[in-house]
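Structure first, then comments.
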Amino acid sequence: MFTNEVLNTIKNRRSIRSFTGEQIKEAELQAILEAGRYAPSAGNQQLWHFTVIQNQEILSAISVSAKEVVAQLEHEHLQKMAKNAKFHIFYEAPTVILISGKEDGMVIEADCAAVTQNMLLAAESIGVGSCWIDFALFAFGGPKGMEYQQQLGVPAGYKPFHTVALGYKRVETLTAPVRNADVVNYIR
């Protein structure tokens with residue numbers, strides 16, 4: 001089978017939920033942000049905005065708010081997570097990037113998803129652990145959502161879509177879960 005550095009990075013990337021707590025280097029952060037800026041976008045509009053959050057008090061407050069909203073949902077698994085006092089939605093990562101998109105952008109959700117994937121792959125390629133976390137969206141959709149958006153400098157008319165937790169991996173994960181092989185249909 002064909003392989004190269006990019007394909008290996010894709011296959012090796014795993015969601016990391018245990019970080020050392022050490023802050024990532026500024027050069028690493030900038031490389032990850034640049035990878036996000038190079039994501040494809042509909043009509044090359046690039047209608048996204050990134051907010052880098054390294055303030056642990058703010059991250060903890062967002063975690064608490066998201067858990068408060070989720071605790072009210074009628075979804076057993078999510079409620080169980082929300083009611084776990086030890087659960088921090090960002091897994092205490094030292095850096096979190098909030099990816100927001102202009103609400104009236106063409107297929108902006110897809111654009112922001114492409115940004116997120118680029119950031120995850122860039123992080124893996126330089127040895128930074130990452131996790132795509134949408135649990136935070138409950139906080140932005142909750143009673144304190146607009147307050148958080150203003151506090152974080154999310155531009156007016158933009159909506160938070162994804163967050164990426166970043167930090168150094170506490171443990172290396174070596175094996176990929178088995179992938180479904182029967183998900184392709186060929187019409188030739």
Side-chain angles (χ1 to χ4, degrees), residues 13-24 29 32-33 36 48-103 108-121 123-124 128-173 175-180:
R13 198 210 70 78
R14 297 286 162 271
S15 293
I16 303 301
R17 294 179 179 89
S18 181
F19 301 98
T20 65
E22 179 185 350
Q23 188 56 263
I24 64 173
L29 173 61
I32 293 165
L33 291 167
W48 45 58
H49 183 267
F50 313 145
T51 304
V52 177
I53 311 164
Q54 295 178 321
N55 181 306
Q56 293 304 308
E57 288 179 25
I58 293 172
L59 291 174
S60 291
I62 293 170
S63 179
V64 168
S65 292
K67 289 169 59 174
E68 287 171 352
V69 172
V70 171
Q72 305 305 313
L73 299 178
E74 294 196 23
H75 188 284
E76 187 177 338
H77 175 69
L78 290 177
Q79 273 189 354
K80 184 176 178 182
M81 291 172 70
K83 292 178 181 178
N84 179 350
K86 293 181 181 179
F87 174 61
H88 188 286
I89 68 167
F90 300 115
Y91 303 96
E92 298 180 10
T95 297
V96 172
I97 301 174
L98 171 66
I99 296 108
S100 303
K102 194 157 193 262
E103 291 182 79
I108 191 63
E109 290 182 56
D111 291 354
C112 289
V115 163
T116 304
Q117 183 68 1
N118 270 21
M119 288 181 176
L120 297 171
L121 293 173
E124 177 64 27
V128 174
S130 64
C131 190
W132 183 331
I133 299 171
D134 284 347
F135 205 105
L137 299 181
F138 292 109
F140 293 105
K144 296 181 182 176
M146 288 309 296
E147 179 183 325
Y148 287 130
Q149 288 187 50
Q150 290 172 351
Q151 181 182 22
L152 297 172
V154 175
Y158 280 67
K159 175 183 174 184
F161 282 104
H162 308 292
T163 60
V164 174
L166 298 167
Y168 297 120
K169 304 172 189 177
R170 186 176 301 278
V171 178
E172 287 291 326
T173 54
T175 57
V178 175
R179 300 296 185 204
N180 295 335

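These figures come from a predicted structure and were not determined experimentally. We use all heavy atoms of the structure for the numbers below, so side chains are in, but hydrogens, waters and symmetry mates are not.
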Do you know the tightest heavy-atom contact between Ile99 and Thr116?
-> CD1-OG1, 3.6 Å
Any chance you could measure Ile97, atom CD1, to His162, atom NE2, to the nearest 0.5 Å?
-> 13.0 Å
Val154 side chain near Phe140 side chain, heavy-atom distance below 4.5 Å | no
Taking all non-hydrogen atoms of both residues into account, name the closest pair between Trp48 and Cys112 and its distance.
-> CB-SG, 4.5 Å
Looking at side-chain heavy atoms only, is the closest gap between Phe161 and Glu109 below 4.5 Å?
-> yes
What pairs with Glu124 under salt bridge (Lys or Arg N to Asp or Glu O under 4.0 Å), at least two apart in sequence or on another chain?
-> Lys169
Flag the pair Phe138 / Ile89 as yes when at least one side-chain heavy-atom distance between them is below 4.5 Å, and no otherwise.
-> no
Least distance between heavy atoms, Cys131 atom then Ser15 atom | SG-CB, 3.9 Å
Crowding at NZ, Lys67 (>12 non-hydrogen neighbours, <6.0 Å) | yes
In Å and rounded to the nearest 0.5 Å, what is the CD1 to CG distance from Ile53 to Leu98?
-> 5.5 Å
On a heavy-atom basis, the closest approach of Ala82 and Val70 is CB-CG1, 3.7 Å
Any side-chain heavy-atom pair of Pro143 and Val69 under 4.5 Å | yes
Enter the distance from Phe90:CZ to Thr95:OG1 here, rounded to the nearest 0.5 Å.
-> 12.0 Å
Is there a side-chain contact between Val115 and Asp111, using heavy atoms and a 4.5 Å cut-off?
-> no
May I have the step-by-step check of side-chain contact (heavy atoms from CB on, under 4.5 Å) for Leu152 and Ile62, ending in yes or no?
-> CA-CA 11 Å; Leu152 297 172; Ile62 293 170; 4.0 Å; yes
So, do Gln54 and Leu29 sit near enough that their side-chain heavy atoms are less than 4.5 Å apart?
-> yes
Check: Gln79 side chain, Leu73 main-chain N or O, donor-acceptor pair, under 3.5 Å | yes
How long is the span from the CG atom in Leu120 to the OG atom in Ser130, to the nearest 0.5 Å?
-> 4.5 Å
Kindly indicate, with the supporting measurements, whether the criterion side-chain contact (heavy atoms from CB on, under 4.5 Å) is fulfilled by Trp132 and Met119.
-> CA-CA 9 Å; Trp132 183 331; Met119 288 181 176; over 6 Å; no
Decide yes or no for Leu78 and Phe135: does some side-chain heavy atom of the first lie under 4.5 Å from some side-chain heavy atom of the second?
-> yes
Are side-chain heavy atoms of Tyr158 and Lys102 found at a separation under 4.5 Å?
-> yes
Point-to-point distance, once rounded to the nearest 0.5 Å, from CD of Gln150 to CE of Met146 = 5.5 Å
Nearest heavy-atom pair of Tyr148 and Ser65: which atoms, and what distance?
-> OH-OG, 2.6 Å
Considering all heavy atoms, the nearest Ser100-Pro160 contact = OG-CA, 3.6 Å
When rounded to the nearest 0.5 angstrom, what is the spacing between CD in Gln23 and CD in Gln56?
-> 7.5 Å
